[in-house]
Amino acid sequence: MTATEQAGKFFMRLCLSEDGLGYPDRVGVVATDIGDVAKHVWNSIDEGMPIVVVDARGSETLVTPPSRVEQLLDRIRRRPCVGVQVRERDGRVIHRRRCERGTLARDLLS
């Protein structure tokens, strides 16, 4: 199954679930096999909206923009970061962390 098909299935589950699968109320969804995934992710983050990146295995990676306090700390450190949470298809959270935008671009979006 392609990432686009997995993203479609995820989107339907997200729309039909009453609790939103534990994701924020407003969240974008993008598949890893479309062109320029990084552009979609960064546009969403810059607009302050979290986005879920779905791969061909059905793993979901939630990328969240930093809070105001985190933005302030990032400016002081001169290292812009985002929140990253990876879930498997069954909903288990594998790991949750903050990472620099460059690291995310290299590891997830390339």
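For the numbers below, each heavy atom of this structure counts, side chains included, while hydrogens, waters and symmetry mates do not. For reference, positions follow the sequence shown, starting with 1. Note that the structure is predicted; figures quoted are calculated from it, not measured.
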Enquirer: Return the minimal non-hydrogen interatomic distance between Ala7 and Ala31, and the atom names on each side.
Expert: CB-CB, 3.9 Å
Enquirer: How far apart are the C-alpha atoms of Arg13 and Glu60, what are their side-chain angles, what is the distance that settles it, and do they pass the salt bridge (charged side-chain N to carboxylate O under 4.0 Å, His left out) test?
Expert: CA-CA 13 Å; Arg13 281 194 345 240; Glu60 305 153 9; 2.8 Å; yes
Enquirer: With a 4.5 Å limit on heavy-atom distance, are the side chains of Leu62 and Pro24 in contact?
Expert: yes
Enquirer: Can you list the residues that meet the side-chain contact (heavy atoms from CB on, under 4.5 Å) rule with Glu47, with sequence neighbours excluded?
Expert: none
Enquirer: Please examine the side chains of Val54 and Val52, heavy atoms only from C-beta on, and report whether any two atoms are closer than 4.5 Å.
Expert: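 Contact flag for Val52/Val54 side chains = yes.
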Enquirer: Report yes if some heavy atom in the side chain of Thr61 is under 4.5 Å from a heavy atom in the side chain of Val84; otherwise report no.
Expert: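 Touching, per the 4.5 Å side-chain cut-off.
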Enquirer: Could you tell me whether a side-chain N or O of Ser17 sits under 3.5 Å from a main-chain N or O of Leu14, the two making a donor and an acceptor?
Expert: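 Checking the backbone N and O of Leu14 against the side chain of Ser17, a donor-acceptor pair under 3.5 Å is found.
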Enquirer: How long is the span from the NZ atom in Lys9 to the OG1 atom in Thr4, to the nearest 0.5 Å?
Expert: 13.5 Å
Enquirer: If we only count heavy atoms from C-beta on, is the Thr64 to Val82 side-chain gap below 4.5 Å?
Expert: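 They are not in side-chain contact.
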Enquirer: Only counting residues at least two apart or in another chain, list the ones meeting salt bridge (charged side-chain N to carboxylate O under 4.0 Å, His left out) with Glu5.
Expert: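 By the salt bridge (charged side-chain N to carboxylate O under 4.0 Å, His left out) rule, Glu5 matches no residue at all.
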Enquirer: So, does Ser44 use its side chain to make a donor-acceptor pair with the main chain of Met49 at under 3.5 Å?
Expert: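 The answer is yes, because a donor-acceptor pair under 3.5 Å joins these two groups.
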Enquirer: Does the side chain of Val53 come within less than 4.5 Å of Val41's, by heavy atoms?
Expert: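 Val41 vs Val53: side chains touch.
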Enquirer: Output the rest of the hydrophobic cluster of Leu73: all Ile, Leu, Val, Met, Phe, Trp and Tyr residues reachable through side-chain heavy-atom contacts under 4.5 Å, sorted by chain and number.
Expert: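 Val69, all in the cluster of Leu73.
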Enquirer: If you look at every heavy atom in Pro50 and Arg26, which pair is closest and at what distance?
Expert: CD-O, 3.5 Å
Enquirer: Would you say Val63 and Ile45 make side-chain contact, with heavy atoms under 4.5 Å?
Expert: yes
Enquirer: If I take atom CH2 from residue Trp42 and atom CD1 from residue Ile51, how far apart are they, to the nearest 0.5 angstrom?
Expert: 10.5 Å
Enquirer: Between Thr32 and Asp55, do the side chains contain a donor N or O and an acceptor N or O under 3.5 Å apart?
Expert: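 Judged by distance alone, the side chains do not pair up.
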Enquirer: Given side chains that start at C-beta, do those of Leu21 and Phe10 come closer than 4.5 Å, heavy atoms only?
Expert: yes
Enquirer: Does Met12 CE have over 12 foreign heavy atoms under 6.0 Å away?
Expert: no
